[in-house]
Amino acid sequence: MGGLTESDARMLLAAIVEPGDAKCGALVKQFGACEVLGSDALLSSKVRNRKTEVDLQQLQAFTDESQALWITPEFPEWPSALNDLGDLAPLGLWVLGDISVLERSSPAIAMVGSRSSTHYGEQVSVELSAALSAVGMSVVSGGALGIDAACHRGALAGGGSTIAILAGGVDVPYPRSNDGLFERIKKKGLLVSESPPGTPALRHRFLVRNRLIAAWGWGTVVLEAQIRSGAIATASHAAGLNRDVMAVPGPITSTSSEGCHQLIRDGAVLVTSASDILELVRGDLPRHAPHSAPVSSTLGTLDL
């Protein structure tokens, strides 16, 4: 389309097409976003439209008002690990927070689990994420209640950065009960979405965004999950991307850990410490160097 940059066209497509549409991704890869936007492709059954018409200036205004930044694969800040998703890669991302997190290109680990978490699961999540954060690993999760929130809190407590990949717009992060946490993340991390500002976090978008969490991390750790859950879906995405899949065992009587135990039976690596995780995803590091003392002994001094 005349006058549009490739970045502009990708922004419009991201507002028109549902996230994770492989057919649209394939078209953009083959022809470019400008040509796809100006063709009949979006009017056909090849892609799943959520809107039929979007005003670019209004979309850019919403982006500016939310203080977000729109980035695409052409930007130096783009997280190149997402390119491994192929046709399922996002057309672009709205990011809000400390952009230097992207510029530093810190190694990242995905950490996910149940919303209906137990005290055990939350404690382990905080301790492991704090230890990983303390040695420079960015913690990526979904901003949800339970294990996700505990992982973000732990990463912040460890002094490092954390990234929350959202199912809705970065200006309306869900759930609202985590608003205080989201404000903290914006100061030392990032809120990320492939949907425009103002987009509600609809149910199906939670499952779709899980592929981004899996791709962003060098590996995925499942800390507590039932057998059928978004966390297990994230682990499946990670395995499909040849990322390391790890799981933390729980009490054998706990239904909250059934998914983790199933992952371990299916070949996921059992991990119980930050050292275990680092040894797997960064094999060049000494096994006990980053976690020579129990993390829980230091958590009393951290702002959780």
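Predicted model, so just to flag it, every value in this text is computed and none were measured. All residue numbers in this chain count up from 1 along the given sequence.
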Exercise. Please check if atom OH in Y174 has more than 12 non-hydrogen atoms from other residues, nucleotides or ligands closer than 6.0 Å.
Key: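 Atom OH in Y174 is not packed in, count stays at 12 or less.
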
Quiz item: Does Q60 CD have over 12 foreign heavy atoms under 6.0 Å away?
Solution: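 More than 12 heavy atoms, drawn from other residues, nucleotides or ligands, come within 6.0 Å of this atom.
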
Quiz prompt | Criterion side chain to side chain contact (heavy atoms under 4.5 Å, CB included) on Q123 and E127, from CA distance to verdict | solution = CA-CA 6 Å; Q123 179 181 5; E127 293 191 0; 3.4 Å; yes

Under a plain distance cut-off of 3.5 Å, with no hydrogens placed, do [Y] and [X] share a side-chain donor-acceptor pair?
X: D148; Y: S141; value: yes
X: S195; Y: W94; value: no
X: Q262; Y: D266; value: yes
X: T234; Y: T220; value: no

Going by heavy atoms in the side chains, are [X] and [Y] under 4.5 Å from each other?
X: T162; Y: S133; result: no
X: V192; Y: L166; result: no
X: D55; Y: L59; result: no
X: P249; Y: T272; result: yes
X: P79; Y: L93; result: yes
X: I71; Y: L102; result: yes
X: T72; Y: E6; result: no
X: M111; Y: V140; result: no

About how many Å separate [atom2] of [Y] and [atom1] of [X], when rounded to the nearest 0.5 Å?
X: L223; Y: C151; atom1: CG; atom2: SG; value: 5.0 Å
X: Q67; Y: D171; atom1: CD; atom2: CG; value: 10.5 Å
X: S236; Y: L241; atom1: OG; atom2: CG; value: 9.5 Å
X: R265; Y: L270; atom1: CZ; atom2: CG; value: 12.0 Å
X: I165; Y: S193; atom1: CD1; atom2: OG; value: 9.5 Å
X: I277; Y: W218; atom1: CD1; atom2: CH2; value: 14.0 Å

If hydrophobic clusters are built from ILVMFWY residues whose side chains come within less than 4.5 Å, do [X] and [Y] share one?
X: I109; Y: V245; answer: no
X: I227; Y: V222; answer: no
X: W78; Y: I99; answer: yes
X: L263; Y: I213; answer: yes
X: L145; Y: L207; answer: no

Quiz prompt | SB check E194 R10 (cutoff 4.0 Å) | solution =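 Answer for the salt bridge query: no.
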
Exercise. Considering only NZ, NE, NH1 and NH2 on the basic side and carboxylate oxygens on the acidic side, decide whether D98 and K187 come within less than 4.0 Å.
Key: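 K187 and D98: not salt-bridged.
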
Nearest heavy-atom pair of [X] and [Y]: which atoms, and what distance?
X: A215; Y: L82; result: CB-CD2, 3.8 Å
X: S161; Y: A155; result: O-CB, 4.0 Å
X: L37; Y: I16; result: CD1-CD1, 4.0 Å
X: L91; Y: P73; result: O-CD, 3.8 Å
X: V101; Y: S138; result: CG1-OG, 4.5 Å
X: S129; Y: A150; result: OG-O, 3.9 Å

Could you tell me whether the side chain of [X] and the main chain of [Y] form a donor-acceptor pair under 3.5 Å?
X: N178; Y: L181; value: no
X: S39; Y: V36; value: yes
X: S257; Y: C260; value: no
X: S273; Y: D276; value: yes

Self-check item: Test salt bridge (Lys or Arg N to Asp or Glu O under 4.0 Å) applied to D84 and R243, step by step
Solution: CA-CA 10 Å; D84 292 349; R243 304 289 200 268; 3.0 Å; yes

Exercise. Determine, step by step, whether E35 and L27 satisfy the side chain to side chain contact (heavy atoms under 4.5 Å, CB included) criterion, reporting the C-alpha distance in whole Å, the side-chain angles of both residues, the deciding distance to 0.1 Å, and the verdict.
Key: CA-CA 9 Å; E35 186 168 343; L27 288 170; over 6 Å; no

Exercise. Assess whether side chain to side chain donor-acceptor pair (under 3.5 Å) is satisfied between D8 and T5, documenting all intermediate values.
Key: CA-CA 5 Å; D8 290 341; T5 66; 3.2 Å; yes

Quiz prompt | Verdict with reasoning, Q226 to E258, per side chain to side chain contact (heavy atoms under 4.5 Å, CB included) | solution = CA-CA 5 Å; Q226 296 181 339; E258 286 181 347; 5.7 Å; no

Practice problem: Would you sort out whether E74 and S7 count as a side chain to side chain donor-acceptor pair (under 3.5 Å), showing the intermediate values? | Solution: CA-CA 8 Å; E74 296 78 30; S7 178; 5.8 Å; no

Quiz item: Between R115 and F206, is NZ or CZ placed under 6.0 angstrom from the six-membered ring centre and within 45° of the ring axis?
Solution: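 Relative to the ring axis of F206, which defines the angle, R115 lies inside both limits.
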
Exercise. Show your working on side chain to side chain contact (heavy atoms under 4.5 Å, CB included) between H237 and L212 and close with a plain yes or no.
Key: CA-CA 9 Å; H237 284 300; L212 303 186; over 6 Å; no

Quiz item: Going through the distances and angles, do E18 and R205 end up as a salt bridge (Lys or Arg N to Asp or Glu O under 4.0 Å)?
Solution: CA-CA 9 Å; E18 278 289 343; R205 292 178 187 146; 3.0 Å; yes

Exercise. For S114 and S256, run side chain to side chain donor-acceptor pair (under 3.5 Å): C-alpha distance rounded to whole Å, both residues' side-chain angles, the deciding distance at 0.1 Å, then the answer.
Key: CA-CA 7 Å; S114 175; S256 297; 5.6 Å; no

